[in-house]
Engineer: 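Before we start, here is the structure in question, set down as structure tokens.
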Amino acid sequence: MLRARHLIDTSDLTLKELEEIFDLAHQIMANPKEFSHLCEDKILATLFYEPSTRTRFSFEAAMLRLGGKIIGFSEPNSSSVSKGESIADTTRTVGCYADIIVMRHPKEGAPKVASMYSDVPIINAGDGGHQHPTQTLTDLLTIKSIKGELSNLKIGCCGDLKFGRTVHSLIKTLSRFENNKFYLISPNELRIPEYVKGELNKNNIEYTEVEKLDDVIGDLDILYMTRVQRERFFNEEDYIRLKDSYILDIEKIKNAPEKMIILHPLPRVNEISIEVDDDPRACYFKQAQYGMYVRMALIVKLLGAK
Amino acid sequence: MLRARHLIDTSDLTLKELEEIFDLAHQIMANPKEFSHLCEDKILATLFYEPSTRTRFSFEAAMLRLGGKIIGFSEPNSSSVSKGESIADTTRTVGCYADIIVMRHPKEGAPKVASMYSDVPIINAGDGGHQHPTQTLTDLLTIKSIKGELSNLKIGCCGDLKFGRTVHSLIKTLSRFENNKFYLISPNELRIPEYVKGELNKNNIEYTEVEKLDDVIGDLDILYMTRVQRERFFNEEDYIRLKDSYILDIEKIKNAPEKMIILHPLPRVNEISIEVDDDPRACYFKQAQYGMYVRMALIVKLLGAK
Amino acid sequence: MLRARHLIDTSDLTLKELEEIFDLAHQIMANPKEFSHLCEDKILATLFYEPSTRTRFSFEAAMLRLGGKIIGFSEPNSSSVSKGESIADTTRTVGCYADIIVMRHPKEGAPKVASMYSDVPIINAGDGGHQHPTQTLTDLLTIKSIKGELSNLKIGCCGDLKFGRTVHSLIKTLSRFENNKFYLISPNELRIPEYVKGELNKNNIEYTEVEKLDDVIGDLDILYMTRVQRERFFNEEDYIRLKDSYILDIEKIKNAPEKMIILHPLPRVNEISIEVDDDPRACYFKQAQYGMYVRMALIVKLLGAK
């Protein structure tokens, strides 16, 4: 069991709880059959107030592979929202039908509100530009599984560091482990926000900001690429000017260490050339698979099923 | 087994069948595990020609908790309807894949038509302003479970009594039980239709029409609140003028009996203040839970699974 | 197991494999319980980039009746497609969650592309006007089950033979069996394309083109009716002028042999009068049922589950 009944923010989890989740995920990966009936009498509801096929599939597959069942909606049109119901009421009603709720919402804080009224566990599956804690769990399980540890790492984060909530949360969480160093690689316009740097400084975490990937790629254990999301830009012009600045291709990874791993939260557009996919350092599809397993572990923990 | 193969209108069910359904629902609530594999080889199809998340979730959760499976659509866009297929053909085809069909349709009578062509049981999950029999079953199971009986009750129905099919069906069905009295509380513009009063008169059922909730709340065993649905109004102006007339708040329930229960079909907008939620008389979320159990019982009966 | 890992085109299957699939389908029909847990630990993903309720339901019911599980989307709005992801990436990611993928896509060739990148089997559930191989499997299983064989048949194909991919694929596949003769019944404007006739000629398959159904209906073992699809027409005027040309009614089937069977891929609009439904020769709803069973057999084969 976890201390908290809900997962709204990665910081809801202690380091010990994080390790427990990753250990459980490894047990599930090693013996999936042993877990395939564990949640047989449980229903998970996916309330997706904005579409996110990948995240929804990952949660649904996770629950189904635990023997559990699924109800849900994948976009707001088909929900009661149009009748003006509050998040609190929807949550309480869905809690009459389901044993655990996964919520994706365009408004920051919506899953938090839901958790305040809910009798069943709420998992935040992304709330606007705010939090997406299971993506961070995915990233961490991937790193731990391939690199063997979550400490003593040199992590490069490349691309849109200004709007990318994924990267902020990853940096924040990896900062809780020992002796990690960050390389923040972005155009000037998309540099990491001051508040993230403030936290790094406060905790004496080493980091460096650079503009060119080529200057640091040789030093990295992990290269975390991010998508330049059209929807986060204020105008089309800026998007077009900047979107191609940080494309990873065969040429760029020639200088990368052999043991470096390349991660990406997906979907990608063109920020990683498809020719890179066949390189053994490309781990972003494995990452998607780890995402399902870490969600299985999280569901088990929140339901207290093991 | 029920006499009828379908549930289109609550009047399809005899009083004895109603009692059997409620008894079965109580058995399921007492021993859910005993029923959790009962419909293992059965598929329920949800054909929602208009969205109704709550009703759909309730049916789906009901079937899943019986060990059954689900297929369906939640809005007409994603269905074959656009290709001009008739209800009869859709029903016959879906009956090739599924063992029981739940249909929600904006047109009155559509589920009735479906039932005339279907080889598998059809449940009406709401057809326009017409019938919504499983809502009535939900209301009755809630009353029976909390008050212990469906007779000898003083029932107040408050709000939009003109367009609220839920209330019409509830009154009609509770009239079949002995010695119930109705308090019809509404603004003049939204009074209960003549045909409902006609039936009450014909059957010598006692009722009274009032404009002020305060005048009768002290007498009630049950207060059934209804939503003022924007979509039922002919113009926005009337809606705005009337929508706040019948809001239940802490002040108003001060005069209510201690054992009175407050029901609402949900979703609510603001016709019950959220401060009322913590009052022990507020039973509308329990009602949602009873809704799932009564649907479980209904599915079992219609499939002849027990 | 099948030679190919995917089903993109009916020609991916050898005659022997076709027979094996039909044999397995017959076994499933005879003993459904024996197969009801066979795919218990497997997940099927339905990626429907255009809606097709009937086909989706058929696949989902097939997987559920094998004890398997389902994830998916039923229209592109609710998918990640809007974020500009390639088919290849979507396929690879979904393959991290699911064990088999069913894809419907408005673009010809999309499922083929998916199969080139996928680690899990891909089934083409229709790609534009191109292929819809499981419809052909459905048609063949129906014919084999009712007529006892797939050879020595006189097959009339009636209606829109120009745009109807279903008919093209059916003719092509039935041509691989011995001694079949085709009657191609259509208005001049909607005659079968030259390339199909070219194949028939090349393989010395007997066929005749006629304009009037009445002239040949007396000779047929099978009458395959097709819908005049509004969406395949270039202009509304042509559609209106031609859509009623080939309507099957009680009058027309008076001259048909007693043992002739009437098939239709459904949905129908008005090309078969509903009065025909009660005629014992009408087999189009049975056909829908065979469609589910043949998909069960195909899934079992592609998963190597038996």
Side-chain angles (χ1 to χ4, degrees), chain A residues 36-51 53 56 60 63-64 66-105 113-114 116-120 303 305, chain B residues 32-37 40 46 48 50-70 72-78 104 138 227-231 243 264-272 274 277-278 282 284-293 295-296:
Chain A
S36 68
H37 292 275
L38 194 63
C39 297
E40 205 162 51
D41 292 334
K42 303 295 183 188
I43 294 178
L44 176 147
T46 48
L47 309 187
F48 276 57
Y49 290 85
E50 70 178 4
T53 310
R56 182 168 62 84
E60 292 184 354
M63 187 57 172
L64 293 172
L66 291 166
K69 279 108 192 206
I70 298 288
I71 58 174
F73 56 81
S74 55
E75 40 177 346
N77 298 352
S78 52
S79 83
S80 296
V81 186
S82 54
K83 287 176 182 161
E85 188 177 58
S86 69
I87 287 282
D89 275 20
T90 300
T91 306
R92 270 179 293 190
T93 310
V94 174
C96 295
Y97 311 136
D99 302 287
I100 184 165
I101 294 173
V102 173
M103 182 180 286
R104 172 97 170 196
H105 206 287
V113 171
M116 289 163 59
Y117 289 93
S118 178
D119 289 331
V120 304
L303 286 175
Chain B
K33 283 229 173 239
E34 211 178 281
F35 293 82
S36 68
H37 291 276
E40 206 162 50
T46 49
F48 276 56
E50 68 178 6
S52 176
T53 309
R54 178 180 314 276
T55 303
R56 183 169 62 85
F57 278 11
S58 182
F59 272 110
E60 293 184 354
M63 187 59 173
L64 293 172
R65 291 196 187 280
L66 292 165
K69 279 109 193 207
I70 299 288
F73 56 82
S74 55
E75 43 177 343
N77 299 352
S78 51
R104 173 98 169 196
T138 298
R227 180 161 46 111
V228 178
Q229 285 184 268
R230 186 189 296 261
E231 60 266 41
K243 78 184 170 71
H264 189 293
L266 301 180
R268 70 167 156 191
V269 181
N270 63 349
E271 58 276 15
I272 301 177
I274 56 166
D277 297 356
D278 296 326
Y284 27 93
F285 289 113
K286 274 185 213 160
Q287 196 179 351
Q289 199 141 37
Y290 284 119
M292 184 181 73
Y293 287 114
R295 287 178 178 102
M296 288 176 78

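Letters A, B, ... are given to chains in the order of the sequence lines, protein chains preceding strands, and every chain is numbered from 1.
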Engineer: Roughly how far, to the nearest 0.5 Å, is the CZ atom of B:R56 from the OH atom of A:Y97?
Structural biologist: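 Those atoms lie 11.5 Å apart.
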Engineer: Say you draw a straight line from CG of B:L64 to NZ of A:K42; how long is it, rounded to the nearest 0.5 Å?
Structural biologist: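 Separation between the atoms: 14.0 Å.
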Engineer: Return yes if some donor-acceptor pair links the side-chain N/O of B:R65 with the main-chain N/O of A:D41 below 3.5 Å, else return no.
Structural biologist: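 A pair under 3.5 Å: yes.
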Engineer: Who wins among B:K33, B:E60, B:Q289, B:K286 for the most heavy-atom pairs under 4.5 Å with chain A?
Structural biologist: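 With the most close heavy-atom pairs to chain A, the winner is B:Q289.
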Engineer: Verify, without hydrogens or angle tests, whether B:R54 (side chain) and A:V94 (backbone) share a donor-acceptor contact under 3.5 angstrom.
Structural biologist: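 No; zero donor-acceptor contacts below 3.5 Å.
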Engineer: So for atom OH, which belongs to A:Y117, do other residues, nucleotides or ligands contribute more than 12 heavy atoms lying within a distance under 6.0 Å?
Structural biologist: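 No - once you tally the heavy atoms of other residues, nucleotides and ligands closer than 6.0 Å, there are 12 at most.
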Engineer: To the nearest 0.5 angstrom, please state how far the CG atom of A:D89 sits from the CG atom of B:D277.
Structural biologist: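 Interatomic distance, A:D89 CG to B:D277 CG, rounded to 0.5 Å: 6.5 Å.
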Engineer: Considering only heavy atoms, which portion of A:A98 lies under 4.5 Å from any heavy atom of chain B: side chain, backbone, both, or neither?
Structural biologist: backbone
Engineer: Where is the tightest heavy-atom contact between A:I71 and B:A61, given as atom of each residue plus distance?
Structural biologist: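 Answer, listing the atom of A:I71 first, then B:A61: CG2-N, 4.2 Å.
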Engineer: Starting at CE of B:M63, measure out to NZ of A:K69 and round the result to the nearest 0.5 Å.
Structural biologist: 10.5 Å
Engineer: Tell me, side chain or backbone of A:D99 under 4.5 Å from chain B's heavy atoms, or both, or neither?
Structural biologist: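 Backbone plus side chain of A:D99, per the 4.5 Å heavy-atom cut-off to chain B.
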Engineer: Nearest 0.5 Å, what's the SG-OH distance between A:C96 and B:Y284?
Structural biologist: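 Atom-to-atom, A:C96:SG and B:Y284:OH are 12.5 Å apart.
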Engineer: Roughly how far apart are A:L47 CG and B:F57 CZ, rounded to 0.5 Å?
Structural biologist: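 The distance works out to 5.5 Å.
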